[in-house]
Every structure is written in C-alpha cells, then in structure tokens.
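Worksheet for the structure shown next.
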Amino acid sequence: MLDPLLLKNDLDSLKDNLKRRNLDVDLEQLIELDESRRKLRFEAEKLRADQKSLGKDIANAEPKEKDALLEKASQISENVKKLFDEVEEKDKVFYDLWVKIPNLISSTSPDGKTDEDNAEIKQVGDIKNIDNPKDHLEIAEKLGLIDVQKASEVSGSRFSYLFGDLVKIEFNLVSWALDILSSKGFTPTVPPVLVRENALYGTGFFPDDAEQVYEIPNDDLYLVGTSEVPLAALHSDEILDIENLPIRYAGFSTCFRREAGTYGKDTTGIFRVHQFDKVEMFSFCNPEKSEEEHEFILSIEEELLQALEIPYRVVDVCAGDLGASAAKKYDIEAWIPSQNTYREVTSCSNTTSFQARRLNIRAKSDGETNILHTLNGTAIAVGRILIALIENNQTEDGKVEFSDAVAEIIGVKILG
RNA sequence: GGAGGGAUGGCCGAGCGGACGAAGGCGAUAGUCUUGAAAACUAUUGUAUGUAUUCCAUACCGUGGGUUCGAAUCCCACUCCCUCCGCCA
C-alpha cells in the first residue's frame, strides 16, 4: 500500500506511475474520497471532544442539574456514534480502492508493457554445445529419479516424486546455500507455511493473486507460495531500531501454488508444479539503503549460479511486467538446453515501503519513526535448479555428469 | 479433544464504571553533585492521526462487537499464552 498522503503531496509521481504501469485509475475520485473522509473524521472528533468534556461535567454536577445534562449528553452520544459509523464507512470505501494502487516504480526500471520489454543486463557463463538435448524429465525418468506419472495418479497434475540422488542433491544444495547466506548475515529460518489471511494481505498477495493460493477453509489458513510471506510478517506491527538494520533472513520452505490460468503451459516435468522447495532471502532495510541491498541480493543469486556453473542472464523487469508490490525487480534466467532459451530461476524485488506499510513495520532513528523497506530474492528454487543442472550437464548417452567443483557442492558426480 | 487461570506502556506491576494515557518500581535519556565513575537527587520517557505544528484534539490497556451520558474497569465472541488430563512426530 502506498502512503495516502501522496494524493495531497505528490500527485504527479502517482499519475506518472500509473501511466508507466499502463493502468487507468480515477484519481479525482480518490482525492475526493480522501478529502471527505478526513473532513468527516475531523467533525466527528470535534463532537467527541464535546462529549468527553460534558461527561466530566456530569460527574461533577449537582443532582438537580444532572437530568438536563444527561439528556443533552445522550443526544450528543447518538450523533457521535452516527458520525463515526459514517467515517468508518468512508474509510473503507477509500481504502478498498487505495490498496489496489500498485507500488511506485523505480525510475531505474525500464519502460515497457510485457516480459518482452524486459531489459537484458548481461549474460554469464558458457553455454555448452549439446546435440539434440533431451529435457530434464526424459533424462531423469529413465534414470528413475523423477516420477510425475505416478504423482499425477496420487495427487493430480503438476506434482512429482523425486528419488535417490536428486533428493541428496536437494538437501546438499539447501544446506550449502544456507551456509553461504548465513555467512552474509542472513539468519537461517524454517518459517510456518500455513498462515492467516493477514500475512497474505500484508505481503500484497491478497487481494490480487488470491486465486494462486491454496486455502484450508476449516481452519481459515492458507498455504504459502513462498516463505517471503511468513518472513515479511515476522516483524509486523514492530518498530525496529534503524541501527540494527538490515535484518536478514534465509527461509527454507516448501512452496504451494495453484498455478491457476497456466493450463497447457510448461506441462513437462517439474518446471511448473504445485509444490516445490525453496530457499528465500528476505531483508528488512533502511529506506536509504534499499537500492544497495537489492544489488547485494542480486549478487548473491549470481554467486550461487556461478558456483553451480549454470549459464544465465540477468533481466531488469520492465514497468508493465512488475507485480503490484515491486518497485524494481531483477529476474535471473538460466539456460535450459531443451527449450533453447533462458527461463526464470530466481527473482529479487525491492518492494520499498509497500509491504512494510501494510504490515505496519517501522524503523526508529533519533526519535523519528518511519516506514522501512523490505526486499526479497530467491536463493535456491530447488526444482528449477535441478532442471538446469540436469539439462546443462547431460551426456550423449542419457546420463548426467558434473564437474568436480559442482560435484563438491551437490555431493554427486554422475547421475546414471 | 476436556478442565481451569491469564493478556495493561521498553520490562515488571496496580487499577475492576467518572479528574486514567493509565499509580508504583525497573530500565533508558538529560541535569545536579564528583578529578572521573558509582551512589543519591531532579526532570523526561509509547504509537498514530488531524483543518494541530514546540500548544491542542482524537484513537489505542490482546482483537472485534455490545451495555452506558461516560468503559482499562461490566457483558458477548474470538485470538494468543500458562497449568492439569488425554492423544501424538
């Protein structure tokens, strides 16, 4: 959520932002609603002040004056109630519209409408020459490492069984990543994956992306699609000391996504599944340093991919392709030989004050209390890293062979 | 799952219908004293909003409703925590 004061103080940047995002919003209406709710609240508070002082008079009044005062007071009381009801109603109308306004985009994000307009920043790593590359499923199925057939019978489409060395690789990857992150100031964290509605609103997944979230209606809980949600909510309603920032967490969790609206997209193997494991970085940050922190998070993502010898490119996501909460976002796409293209394996966003305001997380410095900034980024999305590892290191005879350096990390030299 | 007890400011803790935004203590900050420190004493000590801008008003005593002219205080629901019993990785 943005600061409603923008309507009063910085209308131009708001207008500019909506234009860059290619959105049409009736700002005039919002300004009117904002003004009228403020005005009404002011009136209601004035009357409330009258009521309170009259209340004190009643307590001190002579018995014979009391009846008259009481009658007057009960009238004011009724009006106060009515006025505050109206104020609440107006606030609700205003905020229902206001929360839908997306975050202000960084001036450094490229213009554009779709992912095709994203700006490629660089390509890193050598792409191996592989004749007739096989896709990860074909390779792993033959080796008995993945079974999606059986998984679909047990759980439906977009689920998988991982076996044997892939499981070994997963746990080695996770533990390796957590070690590196830990050395960079991220506290390793296993967060809850079932959360209340509030955490999803606070992080901006609700109301916009609610259809992507699994729901447990009996208990009013939701399965998170990323540990970003419980990590962000970890400090909700807190005032942190700015001296202690940044506060960084590395969350490991299983992630659940309904993938509604993706029928027919990425149907092969484990690229797009309802359930996968991920190590996620999250940072609570001094607003003045969030751009720096964003670059830092990106650099860690690159470091990890480089160590795994996965060829990738970095993309600066354009205005039109940014989610509601991001001011700026970098995606890293790994080279996927079977698709002859780069595909997203990590993503890091600076959500500036957008999530922090909704979650009511502030920072205190020299007596001043301000909203802080939050950032998130993928460290290891296990499924997609496995795909990149398998496909980029496949051999002609249908096996997978890793370099000594990579084998050192993942604990496996050859799949086959 | 059953039976009880509880939730008040940074922390502890009093208040159980009217002068309570909340006693008292601890902690923190500043000052006095001191060569310096400690001790002692004095003062300050939350958050947010506003047509207020060193003043004032309003809201906040777990959350949401209700009763009342008036609620931290009474009533209802919910959430969380603690103790005991049962079950359990």
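Just so you know, these numbers use all the heavy atoms, side chains as well, and skip hydrogens, waters and symmetry mates. Here is the naming used below: chain letters follow the sequence lines, and residue numbers restart at 1 for every chain.
Straight-line distance from the CG atom of A/Asp91 to the P atom of B/U58: 18 Å, rounded to whole Å. Summarising the geometry, the separation between CD on A/Glu43 and C1' on B/U58 is reported as 14 Å, rounded to the nearest angstrom. Rounded to whole Å, atom C1' of B/A48 lies 12 Å from atom CG of A/Asp237. Distance CD (A/Glu35) to P (B/G50): 13 Å, rounded to an integer number of Å. A straight line from CZ of A/Phe42 to C1' of B/A57 spans 8 Å, rounded to a whole angstrom. The separation between A/Lys8 atom NZ and B/U49 atom C1' is 11 Å, rounded to whole Å. Look at CE on A/Met1: it is 13 Å from C1' on B/A48, rounded to the nearest Å. Atom P of nucleotide B/G10 and atom CD of A/Glu238 are separated by 12 Å, given to the nearest angstrom.
B/G46 and B/C60 make up a base pair, with Watson-Crick or G-U wobble contacts both under 3.5 Å. Checking B/A40 for Watson-Crick or G-U wobble geometry (two distances, each under 3.5 Å) identifies B/U32 as its partner. The partner of B/G70, taking Watson-Crick or G-U wobble pairs whose two distances both stay under 3.5 Å, does not exist in any strand shown. Across all strands shown, B/U54 forms no Watson-Crick or G-U wobble pair with both distances under 3.5 Å. Nucleotide B/G10: paired with B/C26 (Watson-Crick or G-U wobble, both distances less than 3.5 Å). Applying the Watson-Crick and G-U wobble criteria (two distances, each under 3.5 Å), B/C20 pairs with nothing in any strand.
Distance from the side chain of A/Leu5 is smallest to B/G50 among B/U58, B/C69, B/G50. Among the nucleotides B/A57, B/C69, B/G18, the one closest to any side-chain atom of A/Ala49 is B/A57. Side-chain atoms of A/Thr369 lie closest to B/A48 of the nucleotides B/C69, B/U58, B/A48. Nearest to the side chain of A/Lys364, among B/U51, B/U47, B/G65, sits B/U47. Listed nucleotides: B/U47, B/U51, B/G18. Nearest to the side chain of A/Ile58: B/G18.
Residue-level contact check: A/Ile239 touches the backbone only, with heavy atoms under 4.0 Å from sugar-phosphate atoms and none from bases. At the heavy-atom level, A/Glu71 lies nowhere under 4.0 Å from the strands shown.
B/C60 and B/G66 are spaced 13 Å apart, taking the P atom of each and rounding to whole Å. B/U67 sits 15 Å from B/U73 when the P atoms are compared, rounded to a whole Å. Comparing B/C33 with B/C82, their C1' atoms are spaced 47 Å from each other, to the whole Å. Nucleotides B/G21 and B/U45 have their C1' atoms positioned 13 Å apart, rounded to a whole Å. Spacing between B/G9 and B/C26 at atom C1', rounded to whole Å, works out to 13 Å. B/G18 and B/G13 have their C1' atoms separated by 24 Å, with the value rounded to a whole Å. Separation of the P atoms belonging to B/C80 and B/G10 is 23 Å when rounded to the nearest angstrom. Look at the C1' atom in both B/A19 and B/A77: the space between them is 33 Å, to the nearest Å.
Contact check on A/Lys113 versus A/Asp321 returns no salt bridge, with no Lys/Arg side-chain nitrogen under 4.0 Å from an Asp/Glu carboxylate oxygen. Look at A/Asp50 and A/Lys46 and you find no salt bridge, because none of the NZ, NE, NH1 or NH2 atoms lies under 4.0 Å from a carboxylate O. Salt bridge status for A/Lys184 with A/Glu303: present, with a side-chain N to carboxylate O gap under 4.0 Å. Checked for salt-bridge contact, A/Arg20 and A/Asp16 miss the test: no charged N lies under 4.0 Å from a carboxylate O. Ionic pairing of A/Arg196 and A/Asp220 is not present here: no N-O contact between side-chain nitrogen and carboxylate oxygen is shorter than 4.0 angstrom.
Under 4.0 angstrom from either OP1 or OP2 of B/C69 there lies no side-chain N or O belonging to A/Lys66. Contact check, A/Lys52 against B/A59: a side-chain N or O comes under 4.0 Å of OP1 or OP2. A close approach under 4.0 Å does not occur between any side-chain nitrogen or oxygen of A/Ser77 and OP1 or OP2 of B/U68. Listed pair A/Arg37 / B/G50 fails the phosphate criterion, with no side-chain N or O lying under 4.0 Å from OP1 or OP2. Listed pair A/Arg196 / B/C80 meets the phosphate criterion, a side-chain N or O lying under 4.0 Å from OP1 or OP2. Taking 4.0 angstrom as the limit, A/Gln51 places a side-chain polar atom (N or O) nearer than this to OP1 or OP2 of B/G70.
Both tests hold for A/Arg384 against A/Phe271: distance to the six-membered ring centre under 6.0 Å, angle to the ring axis within 45°.
The residue among A/Ser74 and A/Arg41 whose nearest nucleotide of RNA chain B is located toward the 5' end is A/Arg41. Sequence order on RNA chain B of the closest nucleotides to A/Arg362 and A/Gln75 puts A/Arg362 first from the 5' end.
Residues A/Thr108 and A/Lys328 bring a donor and an acceptor atom of their side chains to less than 3.5 Å of each other.
Separating the CG atom in A/Asn17 from the CG atom in A/Asp12 is a distance of 12.0 Å, to the nearest 0.5 Å.
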